[in-house]
Amino acid sequence: MLLADSLVVVGMATVSLGTIQESDGVKEHSFWLCNVGQESVALHQGYTSCGCTTIHFDKARQLAPGDSVKVRLRFNPRGKGGEFHEMGTIEYGKSRKRVNMALVGNCITSEETLMRQFPIRVNDHIRLSTNRFDLGRMRQGESKERGVVVYYSDTKQQERYPIRFTVDAKTPKGLQHISYPLAIKGEKVTITLAVFVY
């Protein structure tokens, strides 16, 4: 039994763009939606999972049973790096049902983006997202965790190192700058934690 109103993606609902370069600019893919229901449906609105992705379709369109419509998803890789999974959603029909499409892949960032994302240089092959955290106000016994993201330029891999700090009885009150030692592939790195103990 067919539903009264139902849209389906013809073909693949998730399309891989493979490995792309940030410098190549916007990538686009067209999806086709088909009304497999028994009644006409209206396309109401579309939205995406991230501002880097836009969705384009004829919003004024009424789809009769058996009709199809083209939907374009556009992904802008500027400032993006690593794996991505960006989704586009269209709401349709009287009950505002949803149909989803997605673009996935891996983006290789430009040197400029890498410098912005990982400004702290440890050596020729290791860069950090930061070497300082402001933990705000903390009291004795309280713990907070942050994460330093490390980029390895030789393998183009990223890894998150957790930074966990607990205010113990020996920590003086007032503004403190705590040195947090970290070992990354044989390199000694110091992360500074700014905390106001009260």
Visitor: For Lys80 and Cys107, work out which heavy atoms get closest and say how close.
Guide: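 Shortest heavy-atom separation between Lys80 and Cys107 comes out as O-SG, 3.6 Å.
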Visitor: Does the side chain of Leu43 reach to within under 4.5 Å of the side chain of Asp58, using non-hydrogen atoms?
Guide: no
Visitor: Heavy atoms only: give me the nearest Tyr180-Ile163 pair and the separation to one decimal.
Guide: CE2-CD1, 3.7 Å
Visitor: Does His125 reach the side chain of Ser153, with side-chain heavy atoms less than 4.5 Å apart?
Guide: yes
Visitor: To the closest 0.5 Å, what do you measure between OG1 (Thr54) and CZ (Arg72)?
Guide: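 Going from OG1 on Thr54 over to CZ on Arg72, the span is 8.0 Å.
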Visitor: Quick one: are Val195 and Thr171 in side-chain contact, heavy atoms under 4.5 Å?
Guide: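 Not in contact.
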Visitor: Looking at His44 and Gly93, what are the two nearest heavy atoms and their distance?
Guide: NE2-O, 2.7 Å
Visitor: Identify all side-chain donor-acceptor contacts of residues 9-22 below 3.5 Å with residues at least two apart in sequence or on another chain.
Guide:
| from | atom 1 | to | atom 2 | distance (Å) |
| --- | --- | --- | --- | --- |
| Ser16 | OG | Gly18 | N | 3.1 |
| Glu22 | OE1 | Ser110 | N | 2.7 |
| Glu22 | OE1 | Ser110 | OG | 3.1 |
| Glu22 | OE1 | Thr113 | OG1 | 2.8 |
| Glu22 | OE2 | Gly79 | N | 2.7 |
| Glu22 | OE2 | Thr113 | OG1 | 2.7 |

Visitor: What are the two closest heavy atoms between Ala64 and Ser40, and how far apart are they?
Guide: CA-OG, 3.5 Å
Visitor: Can you list every pair that meets salt bridge (charged side-chain N to carboxylate O under 4.0 Å, His left out) and has a residue in residues 163-188, with sequence neighbours left out?
Guide: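 Sorted result for residues 163-188: Glu145-Arg164.
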Visitor: Please name all residues satisfying salt bridge (Lys or Arg N to Asp or Glu O under 4.0 Å) with Arg74, sequence neighbours left out, ordered by chain then number.
Guide: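 Only Glu28 meet the salt bridge (Lys or Arg N to Asp or Glu O under 4.0 Å) criterion with Arg74.
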Visitor: Counting distance only, does the side-chain N/O of Thr48 pair as donor-acceptor with the main-chain N or O of Thr53 below 3.5 Å?
Guide: yes
Visitor: Answer with yes or no whether the hydrophobic clustering places Leu7 together with Val69; edges join I, L, V, M, F, W, Y residues whose side-chain heavy atoms lie under 4.5 Å apart.
Guide: yes
Visitor: Rounded to the nearest 0.5 Å, what separation is found between the SG atom of Cys50 and the CG atom of Leu103?
Guide: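 With rounding to 0.5 Å, SG (Cys50) is 12.0 Å from CG (Leu103).
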Visitor: His29 versus Phe75: any side-chain heavy-atom pair under 4.5 Å?
Guide: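 No, every pair of side-chain atoms sits at 4.5 Å or beyond.
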Visitor: Apply the test side-chain contact (heavy atoms from CB on, under 4.5 Å) to residues Phe165 and Arg146: give CA-CA distance (whole Å), side-chain angles for both, the deciding distance (0.1 Å), then the verdict.
Guide: CA-CA 9 Å; Phe165 176 70; Arg146 299 292 184 265; over 6 Å; no
Visitor: As an exercise, state the distance from CD of Glu91 to CZ of Arg96, rounded to the nearest 0.5 Å.
Guide: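 These two atoms lie 5.5 Å from each other.
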Visitor: When you measure from the centre of the six-membered ring of Tyr152, is the NZ or CZ of Lys156 under 6.0 Å away and within 45° of the axis?
Guide: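 No - Lys156 does not lie over the ring of Tyr152 by the 6.0 Å and 45° rule.
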Visitor: Applying side-chain contact (heavy atoms from CB on, under 4.5 Å), run through Ile184 and Leu128 and close with a yes or a no.
Guide: CA-CA 10 Å; Ile184 302 171; Leu128 305 179; 3.7 Å; yes
Visitor: For Pro181 and Ser179, which heavy atoms make the closest approach, and how far apart are they?
Guide: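 Reported closest heavy-atom pair: CD-O, 3.6 Å.
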Visitor: How far does CZ of Phe118 sit from OG1 of Thr130, to the nearest 0.5 angstrom?
Guide: 11.5 Å
Visitor: Does some side-chain heavy atom of Val189 sit less than 4.5 Å from a side-chain heavy atom of Asn131?
Guide: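 Result no, sub-4.5 Å side-chain heavy-atom pair not found.
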Visitor: Report yes or no: do Val122 and Val148 belong to one cluster of Ile/Leu/Val/Met/Phe/Trp/Tyr joined by side chain heavy-atom distances under 4.5 Å?
Guide: yes
Visitor: Report whether Val167 and Ile191 are members of the same hydrophobic cluster (ILVMFWY, side-chain heavy atoms less than 4.5 Å apart, transitive linking).
Guide: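 Yes, Val167 connects to Ile191 through the hydrophobic network.
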Visitor: Find the distance between CG (Asp134) and CZ (Arg137) and round it off to the nearest 0.5 Å.
Guide: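 Reported value, rounded in 0.5 Å steps: 12.0 Å.
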Visitor: Are Leu63 and Met101 connected, step by step, through hydrophobic side chains (Ile, Leu, Val, Met, Phe, Trp, Tyr) whose heavy atoms are closer than 4.5 Å?
Guide: yes
Visitor: Which heavy atom in Pro172 sits nearest to a heavy atom in Gln176, and how many Å separate them?
Guide: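 Heavy atoms of Pro172 and Gln176 come nearest at O-NE2, 3.4 Å.
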Visitor: Inspect the surroundings of CZ in Arg78 and state if more than 12 heavy atoms from other residues, nucleotides or ligands are less than 6.0 Å away.
Guide: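 No, the 6.0 Å shell around CZ holds no more than 12 heavy atoms from other groups.
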Visitor: For Tyr92 and Arg61, which I'm curious about, is there any donor-acceptor pair between the side chains at under 3.5 Å?
Guide: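 Their side chains do not contain a donor-acceptor pair, so the 3.5 Å distance test is not met.
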Visitor: Mind checking the CZ-CZ spacing from Arg127 to Arg121? Nearest 0.5 Å is all I need.
Guide: 7.0 Å
Visitor: Do Leu114 and Ile120 sit in one hydrophobic cluster, given that two such residues count as connected whenever their side-chain heavy atoms are within less than 4.5 Å of each other, even indirectly?
Guide: no
